[in-house]
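Here the structure is laid out as structure tokens; the discussion comes afterwards.
A, B, ... follow the sequence lines: proteins, then strands. Residue 1 opens every chain.
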There are 2 protein chains.
Amino acid sequence: MAELTGVQKQYILHWGEMGTRWGINRTVAQIHALLYLSPRAIPAEEIAETLSVARSNVSTSIRELETWGIVRAVHVLGDRREHYESMKDVWEMFRLVIEQRKRREIDPTREILRQCLTDLDPKELGADYTRERLAAMAGFFEAVTELYDQMKRLPTGTVRKLLRMGTKVRKKAG
Amino acid sequence: MAELTGVQKQYILHWGEMGTRWGINRTVAQIHALLYLSPRAIPAEEIAETLSVARSNVSTSIRELETWGIVRAVHVLGDRREHYESMKDVWEMFRLVIEQRKRREIDPTREILRQCLTDLDPKELGADYTRERLAAMAGFFEAVTELYDQMKRLPTGTVRKLLRMGTKVRKKAG
DNA sequence: CTGTATATTCAGTTTGTACTGAAAGAAACA
DNA sequence: TGTTTCTTTCAGTACAAACTGAATATACAG
């Protein structure tokens with residue numbers, strides 16, 4: 001088993017912390033970081049050793065990463081074990097994560113807000129005010145969804161290109 | 001103390017859950033939801049009663065919301081207590097939160113990535129590969145920062161306008 | 001079919017965050 | 001000044017999420 005270099009350790013630890021701050025399990029994030037930096041696929045046993053976590057913990061975490069679609073199992077000739085590798089395209093990885101967090105969190109929130117606006121009894125005290133606030137929040141989430149849909153339609157790399165253009169334009173103007 | 005209506009309860013509970021999924025304390029999020037829906041500023045004691053949490057918990061949570069800049073204390077004539085109210089402009093609230101999460105999480109990550117690229121010893125095994133991956137990740141975070149900066153320069157409401165335009169354009173084309 | 005290697009599940013334990021209530025602190029009042 | 005009202009701090013506790021290791025399941029080889 002390859003020992004981690006200082007830089008690898010630093011990256012993996014930081015990525016774990018980042019994870020926790022965004023509601024992603026630390027070990028899950030660390031495993032992802034490890035696989036992302038690895039030029040080869042790694043079997044679960046070795047992941048467990050490298051990060052000093054239980055084999056079973058790796059199993060669960062890998063499954064999570066697989067459902068995100070950013071890690072997959074590959075097979076190595078003459079080895080029965082599953083070896084795991086991370087997607088390497090950073091933009092695509094974040095796209096996948098964002099897509100799914102939208103589906104799991106933003107969409108249900110939109111639904112709840114719509115439900116609240118429907119359920120709101122106009123007779124109850126301060127219903128008008130509540131409706132106003134709920135509608136404003138709902139509008140925001142609809143706009144975010146709209147923005148997301150528009151982004152999604154752009155072909156890969158376009159965001160990056162637009163970004164570069166924007167920078168040039170600003171430089172000319174400034 | 002005003003009891004919560006069904007709709008208010010639903011919104012507050014959901015907002016609390018949303019918070020936890022994004023690394024924000026449940027009570028903090030619930031208090032924010034309560035204040036957001038409230039047409040008047042509310043004293044801490046009443047918040048505690050309404051949400052059934054300890055008075056001290058409210059104190060800490062309110063402070064957190066104040067540092068985000070989305071809740072502030074106001075004073076009511078003839079009442080010594082602090083009454084708290086939430087900002088009502090949804091876009092501005094999210095702008096503030098995003099700005100600060102960028103500062104607290106994205107910026108340090110960029111720093112770490114730069115540090116890693118500097119620290120990377122070209123002599124150590126697989127340094128080239130590690131550098132490639134770190135550089136790709138760093139590039140992504142630089143781009144996100146760039147995108148954020150460009151957004152920030154747009155005057156308030158422009159994003160919403162662009163969004164509406166985009167929708168129209170697509171409708172014409174489609 | 002049996003034995004071995006690997007992966008997953010799950011009950012129990014650990015850990016870290018959130019929360020409480022008591023005590024201290026601060027501000028207004030008399 | 002002491003008293004009252006309100007707020008914050010903090011040590012201890014509770015709780016939920018994460019983690020472990022043993023047991024179980026699965027897949028393969030002989």
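Taking atom CZ of A:Arg21 as the reference point, atom C1' of D:dA17 lies 18 Å away to the nearest angstrom. In this entry the distance linking CD of B:Glu49 with C1' of C:dT20 reads 16 Å, nearest Å. Between the P atom of C:dC19 and the CD1 atom of B:Ile62 lies a distance of 14 Å, rounded to the nearest Å.
Judged as a ring-ring contact (aromatic ring centres under 6.0 Å, His included), and not counting sequence neighbours, the contacts of A:Phe94 are B:Phe140. Remark: A:Tyr84 pairs with no residue by the ring-ring contact (aromatic ring centres under 6.0 Å, His included) rule, at least two apart or across chains. In terms of the ring-ring contact (aromatic ring centres under 6.0 Å, His included) criterion, A:Trp22 has no residue partners (sequence neighbours excluded).
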Tabulate atom names and distances for all N/O pairs under 3.5 angstrom spanning the protein and nucleotides 14-18 of chain C.
from	atom 1	to	atom 2	distance (Å)
C:dA18	O5'	B:Asn25	ND2	3.2

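Between A:Ser59 and C:dT8 there is a side-chain N or O to OP1 or OP2 distance below 4.0 Å. Contact annotation: B:Arg55 side-chain N/O to C:dG21 OP1/OP2 distance is not under 4.0 Å.
Both cation-pi conditions hold for A:Arg104 and A:Trp68: the charged atom is under 6.0 angstrom from the six-membered ring centre and inside a 45 degree cone around its axis. By the 6.0 Å and 45° rule, B:Arg133 stacks over the aromatic ring of B:Tyr129.
Applying a 4.0 Å cut-off to non-hydrogen atoms, the residues of residues 64-87 of chain B that approach DNA chain D are B:Arg80, B:Arg81, B:Glu82, listed by residue number.
Residue A:Asp128 qualifies as open at atom CG: its count of foreign heavy atoms under 6.0 Å is 12 or below.
Taking every side-chain heavy atom of B:Ser56 into account, C:dT20 is the closest of C:dA7, C:dT20, D:dT7.
Screening residues 99-118 of chain B for ring-ring contact (aromatic ring centres under 6.0 Å, His included) gives no qualifying pairs among residues at least two apart or on separate chains.
Closest approach of B:Thr109 and B:Glu105 over heavy atoms only: OG1-O, 2.7 Å.
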